[in-house]
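Data first, discussion second: the structure below is written as structure tokens.
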Amino acid sequence: MITGSSGFSGCRTALYLAHQKNVDQVIGVDCVGPKVFHPKLESHVVDLTDWSTFGPLMNYEPDVMVHTAADQSTPYLLHANSVGMKNLLDYCAEKNVERFFFFSSFYASMRCYNNYRFGKLQSEHDLRKSGMRYVTVRPDTIYGYGEPKYDTFMNAIKKHMVPVIGDGKYSRTPCYVWAVATAVHKILSEDNYTNDIYEMGSPTSYTWNEMMGLLARELDVQHYVSVPLPALL
């Protein structure tokens with residue numbers, strides 16, 4: 001069972017898992033309808049923050065819960081992410097789910113003060129306390145065609161301008177979305193990773209300016225103007 005199965009990372013992970021011979025069935029869960037289809041993929045519209053919507057999931061006995069869903073932008077994200085995790089853990093306890101794979105965030109490793117980070121840390125804490133066998137990964141920014149933020153940057157570069165937060169010299173280790181899906185399958189198949197947290201990122205770090213330069217080269221844009229935005233904003 002995979003939550004966030006209509007999201008950018010979740011739908012690609014669900015589709016990748018459905019294509020694997022050692023996966024019998026994938027149950028997609030999201031608050032909106034499915035965006036990918038496969039004979040082994042069944043999708044259900046469920047609000048993780050509302051236990052009363054879990055009814056369709058009670059017909060399944062999943063071996064693994066893969067939790068990719070997250071509220072990243074609404075004013076209620078701290079509450080939504082924390083309640084969603086607690087409801088999922090209650091469901092897993094009721095259905096005797098053996099393993100839990102949690103997509104946390106690179107932000108959980110940082111010293112920053114925002115509710116998205118606090119929600120991820122609270123969810124990690126609740127997962128540890130649950131007593132389930134788990135794997136938590138903290139991926140850095142996940143990219144690929146179709147990712148909303150990167151599509152925005154690419155459209156800006158096509159217009160020969162790109163937003164730069166601060167000085168653009170801070171480093172990130174971006175994760176290619178299909179590499180993330182491959183890693184999820186590898187970790188679940190090998191069963192050598194249990195009850196630990198793993199950072200996930202590219203082997204090479206890139207500054208923001210370098211990433212935008214790589215996108216420009218991909219789009220064959222020779223020149224563009226950097227538009228600085230204050231880091232506080």
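Everything quoted here is computed from the prediction, not taken from an experiment. Note: hydrogens, waters and symmetry copies are ignored here, and every other heavy atom, side chains too, is used.
- Contact check for Y143 versus Y176: side-chain heavy atoms found under the 4.5 Å cut-off.
- A 4.5 Å side-chain heavy-atom check between V225 and H160 finds every atom pair outside the cut-off.
- In the hydrophobic clustering of ILVMFWY residues, with side-chain heavy atoms under 4.5 Å counting as a link, M85 and V66 come out apart.
- Residues D71 and T74 have side chains that bring a donor and an acceptor to within less than 3.5 angstrom of each other.
- Side chain to side chain, T207 and N209 fail the donor-acceptor criterion of an N or O pair below 3.5 Å.
- Under a hydrophobic clustering in which Ile, Leu, Val, Met, Phe, Trp and Tyr are joined whenever their side-chain heavy atoms come within less than 4.5 Å, directly or via other members, L77 and L121 fall into different clusters.
- Note: Y16 OH to W178 CH2 = 9.5 Å, rounded to the nearest 0.5 Å.
- Cluster membership check: V64 does not share its hydrophobic cluster with I197, using side-chain heavy-atom separations under 4.5 Å among Ile, Leu, Val, Met, Phe, Trp and Tyr.
- In this structure, F118 CZ and L78 CG are separated by 8.5 Å, a value rounded to the nearest 0.5 Å.
- Counting only distance, with no hydrogens or angles, the side chain of R117 and the backbone of Y113 share no donor-acceptor pair below 3.5 Å.
- Side-chain contact of R172 with T141: a donor-acceptor pair under 3.5 Å is absent, judged by distance alone.
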**Message:** Between Y145 and Y150, does the side-chain contact (heavy atoms from CB on, under 4.5 Å) criterion hold? Intermediate values first, please.
**Reply:** CA-CA 8 Å; Y145 287 105; Y150 279 85; over 6 Å; no
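- With hydrogens and angles left out, the side-chain atoms of D220 and Q222 include a donor and acceptor closer than 3.5 Å.
- Between the side chain of Y91 and the backbone N or O of L57 there is at least one donor-acceptor pair closer than 3.5 Å.
- With contacts defined as side-chain heavy-atom distances shorter than 4.5 Å, the pair E94/D90 does not qualify.
- In the hydrophobic clustering of ILVMFWY residues, with side-chain heavy atoms under 4.5 Å counting as a link, L214 and F153 come out together.
- Residues Q122 and S82 bring no donor and acceptor atom of their side chains to less than 3.5 Å of each other.
- Side-chain N/O atoms of T173 and D140 include a donor and acceptor closer than 3.5 Å.
- For N22 and H185, the side-chain atoms include at least one donor-acceptor pair closer than 3.5 Å.
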Side-chain donor-acceptor distances from residues 23-43 under 3.5 Å, at least two apart:
residue	atom	partner	partner atom	Å
Q25	NE2	E42	OE2	2.8
D30	OD1	V32	N	3.4
D30	OD2	S5	N	3.2
D30	OD2	S6	N	2.8
H38	ND1	K40	N	3.0
K40	NZ	A18	O	3.0
K40	NZ	Q20	O	2.8
K40	NZ	V23	O	2.7
E42	OE1	Y60	OH	2.7

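- In this structure, T3 contributes its side chain and A69 its backbone to a donor-acceptor pair below 3.5 Å.
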